[in-house]
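Heads up, the thing below is written out as structure tokens.
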Amino acid sequence: MSENDNMPYEQSDLYRIRHSAAHVMAEAVREHFPEAKLAIGPPIADGFYYDFDLGQDENGKPRTFSPEDLEKIEITMKKLLKKNAKFEQSSKTIAEAREFFADAPYKLELIEELAAGKVDENGNPISEPVTEVGIYQHRNFVDLCRGPHVGFTKQVKANAVKILRSSGAYWRGDENRAQLQRIYGTAWHNKAELDTHLKLLGEAKARDHRRLGKQLGLFHISQLVGSGLPLWLPKGAILREELESFLRQAQVERGYLPVITPHIGKLDLYKTSGHYPYYKDSQYTPIDVDDEQFLLKPMNCPHHIEIYRSQPRSYRDLPLRLAEFGTVYRYEQSGELNGLTRVRGFTVDDSHLFVAPEQLEEEFIGVVSLIQHVFQTMGFSDFRARLGTNDPNSDKYAGAPEMWAKGIAAIRKAADKAGMSYTVEEGEAAFYGPKLDFIFRDVLKREWQLGTVQVDFLLPERFDLAYTAVDGQKHRPVMIHRAPFGSMERFVGILIEHFNGAFPLWLSPVQVVMIPITDRHVAYANKVATELRAAGVRVEVDASNERMNKKIRNAQLQKVPYMLVVGDKEEESGAVAVRTRENEDRGAIPLAEFLAGATDLIASKAVEL
RNA sequence: GCCGACGUAGCUCAAUUGGCAGAGCAAUGCUCUUGUAAAGCAUAGGUUAUGGGUUCAAGUCCCAUCGUCGGCUCCA
């Protein structure tokens, strides 16, 4: 790529190319749908989109793009790019713009917001009212736009552009407003880059955790059980239990205490905590029993708080770190469900730390270091932290401004002390407090929010939590909510895609497959398997009536780390012929030697075989 | 929830303008006894997501419901 990696995207050639591609695509749409009203069409990561309002069909329903329409639009778009035209920049006063865009209601709305000094075309707040707006024109296509663009349409190579899909999208991202028709496209410097990108999309599809989950027998979603309620198959359950026991061990070492709480609780519990109003729209309907209402728990915190309150607490009890792999239920909208990464019932590797105010910083740093330990063990090196703060203009957040300020300051101080750099994003907080999220970039450069740490002054107040301090007086503790994995479902989904199903040895559901060459070697294979199992290795014996080659192929497709081929030679010498899923043939080695090596790698949670 | 596409055997997919539902893999049985990514033969497997409708005739056309996928909104 010709761009300097440090250059902001907004100043790059690709940004101009994509922005210009969006304009020419809109020009093409206007050729097929002259009545289409234009909304916005910005560049995005890897491409661009443009939103259109196509009016209504004869039945009064909003018109939409058919797949055939998209094909036509792409052909026209390429023709228009090649036809070449200059992008000319100019500006109009607000009054001129109002008049010029009189028939473009969405553009008018943008102009009014700019004139009022509210937000720019991307919805970002602007500091002061705008008096002149930018205009870009090529041929007869004129758009309200601050650019930048390429000089000529030909600079967007027709063979480096592709229309990808269309979908509905709400105007201004607001589901209460009109739903527009969005067309997504992608554009690159040249055809080779486009092909590379399309290949990457294909790769991402091939390692989709839903596809691999089926192939590798990890999980199953049954229509009869319900959407978004995954069933963990034996191999998936092994993987999950390995992760859980790893974290349990790390928590024991750090003084966490286990607790177990039920899956439902009285509605009043969540009214007290404040979860009910905030999560109302995404909760299962309350269960009515004997004039009482119960809720499937949407969060574990209130239950853990009741454990804190089960007895009087002293400063000597603090910090109290209660941990549970707690399953919660949220009624996500049907269109939001996605394999394991977006479900309706999921298990949080949850913990709530009840700390004295003066312990907050140290405990927070301890949690950050635990999360770093978890990521490091997984072999995740590419991640960043994000400080999510409240949006003062939103009513989504509870509690007094001082509490928020205190929480944010505490996180900043702790993060700085821990040497953790982070970005700040307003409106990314939990309703009860600010949080530090850990965002992981997988091998395909996709970002996923995993671990989270949240500081909470609100719930201790709501539940009137207290402890007796050295001074003999009641003091209020502070809570830290945290989850290094986030949710077991999402984490495993991401793990599947990151490793493409070839998990590190310690996580592999089957670590070794025994491959006897003929029937007469099955007994020896079983003997070896018994020995390996006794040492804690997960082994399967492939005693099927198949050729060795087929057994290797099957094990390979299941991404089993080690295949141990045994025939006459191995049986005579007490050896195993080691083959790895990386197609590496290590030849015959003594069983004891293989076992020692494998158990070492398992114990050290090595990523490499 | 909204917009669009889709739903055929356990899996991956065929089935001409509406005209006898099919293949490969997997499964099961038999034969072969095999040295580093697919042995051969045979058998079984379906109310074409569900419910209505149009038609002499529906996998195919129409309506509704459920589900999946891609987005939007939302989110661990």
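Reckoned from all heavy atoms, side chains included, excluding hydrogens, waters and symmetry mates. Order of the sequence lines sets the chain letters (A, B, ...), proteins ahead of strands, with each chain counted from 1.
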### Query
Hey, can you pull the residues of residues 507-521 of chain A with a non-hydrogen atom under 4.0 angstrom from RNA chain B?
A/I517, A/T518, A/D519, A/R520
### Query
Can you list, by residue number, the residues of residues 563-583 of chain A that have a non-hydrogen atom closer than 4.0 angstrom to RNA chain B?
A/V565, A/G567, A/D568, A/K569, A/E570, A/A577, A/R579, A/N583
### Message
Can you list everything that forms a salt bridge (charged side-chain N to carboxylate O under 4.0 Å, His left out) with A/R344? Sequence neighbours excluded, please.
### Response
none
### Query
Within a radius of less than 6.0 Å around CD of A/E608, do more than 12 heavy atoms belonging to other residues, nucleotides or ligands occur?
no
### Query
Once Watson-Crick and G-U wobble pairs under 3.5 Å are found, how is RNA chain B written in dot-bracket notation, 5' to 3', with | for any base paired to another strand?
(((((((..((((.....[..)))).(((((.......))))).....(((((..]....))))))))))))....
### Task
Would you please name every residue forming a salt bridge (charged side-chain N to carboxylate O under 4.0 Å, His left out) with A/R207, sequence neighbours left out?
none
### Query
Base, sugar-phosphate alone, or nothing: which one does A/T452 contact when heavy atoms must sit under 4.0 Å apart?
nothing
### Task
Please say whether the positively charged group of A/R240, taken as NZ for Lys or CZ for Arg, lies over the ring of A/W232, i.e. under 6.0 angstrom from the six-membered ring centre and within 45 degrees of the axis.
yes
### Query
Ion pair present between A/K205 and A/E203, side-chain N to carboxylate O less than 4.0 angstrom?
no
### Task
Might you confirm whether atom NZ of A/K162 has over 12 heavy atoms from other residues, nucleotides or ligands at distances under 6.0 Å?
no
### Message
Using a heavy-atom cut-off of 4.0 Å across all strands, would you classify A/T64 as base, sugar-phosphate, or nothing?
### Response
sugar-phosphate
### Message
Considering every strand and a 4.0 Å limit on heavy-atom distances, what is the contact class for A/G486: base, sugar-phosphate, or nothing?
### Response
sugar-phosphate
### Query
Considering only the P atoms, how many Å lie between B/G24 and B/U60, rounded to the nearest integer?
25 Å
### Message
Just to be sure I understand the rule, does A/R165 reach a base, reach only the sugar-phosphate, or reach nothing, if contact means heavy atoms closer than 4.0 Å?
### Response
sugar-phosphate
### Task
Just say parallel, tilted or perpendicular for the rings of A/F375 and A/F440, cut-offs at 30° and 60°.
perpendicular
### Message
Give me the distance, rounded to whole Å, that separates B/G71 from B/A9 when you measure between the P atoms they each carry.
### Response
26 Å
### Query
Using a cut-off of 4.0 Å on non-hydrogen atoms, how would the nucleic acid contact of A/V343 be classed: base, sugar-phosphate, or nothing?
base
### Query
If you look only at pairs with a residue in residues 176-187 of chain A, which of them pass as a salt bridge (Lys or Arg N to Asp or Glu O under 4.0 Å), with sequence neighbours excluded?
A/D51-A/R182, A/E109-A/R177
### Query
When the P atoms of B/G1 and B/U12 are considered, how many whole Å apart are they?
25 Å
### Task
In whole angstrom, give me the gap between the C1' atoms of B/U55 and B/C62.
12 Å
### Over 12 non-hydrogen atoms of neighbours within 6.0 angstrom of CD in A/E447
yes
### Carboxylate-amine/guanidinium proximity below 4.0 Å for A/D174 and A/R172
no
### Task
For RNA chain B, find the residues of residues 175-186 of chain A with a heavy-atom distance under 4.0 Å and give them by number; none if there aren't any.
A/E175, A/Q179, A/Q181, A/R182, A/Y184
### Message
With rounding to the closest Å, how many angstrom separate the P atoms on B/U28 and B/G10?
### Response
15 Å
### Query
Can you tell me how far C1' in B/C63 sits from the matching atom in B/C25, rounded to whole Å?
37 Å
### Query
What pairs with A/F594 under ring-ring contact (aromatic ring centres under 6.0 Å, His included), at least two apart in sequence or on another chain?
A/Y562
### Message
Taking ring-ring contact (aromatic ring centres under 6.0 Å, His included) as the definition, give me every residue that meets it alongside A/F65, ordered by chain and number, with sequence neighbours left out.
### Response
A/F33, A/F52
### Message
Say we look at B/C66 and B/G51: how far apart would their C1' atoms be, to the nearest angstrom?
### Response
10 Å
### Task
Could you pull out all residues at least two apart from A/F499 that satisfy ring-ring contact (aromatic ring centres under 6.0 Å, His included)?
none
#### Entry: Check: A/F491 ring centroid to A/F485 ring centroid under 6.0 Å
yes
### Task
Report yes if the side chains of A/Q179 and A/P62 come closer than 4.5 Å at any heavy-atom pair, otherwise no.
no
### Task
Rounded to whole angstrom, note down the C1' distance from B/G46 over to B/C30.
27 Å
#### Entry: RNA chain B: 5'-most and 3'-most nucleotides touching chain A, 4.0 angstrom heavy-atom criterion
B/G1 to B/A76
#### Entry: Partner set under ring-ring contact (aromatic ring centres under 6.0 Å, His included) for A/H32, not counting sequence neighbours
none
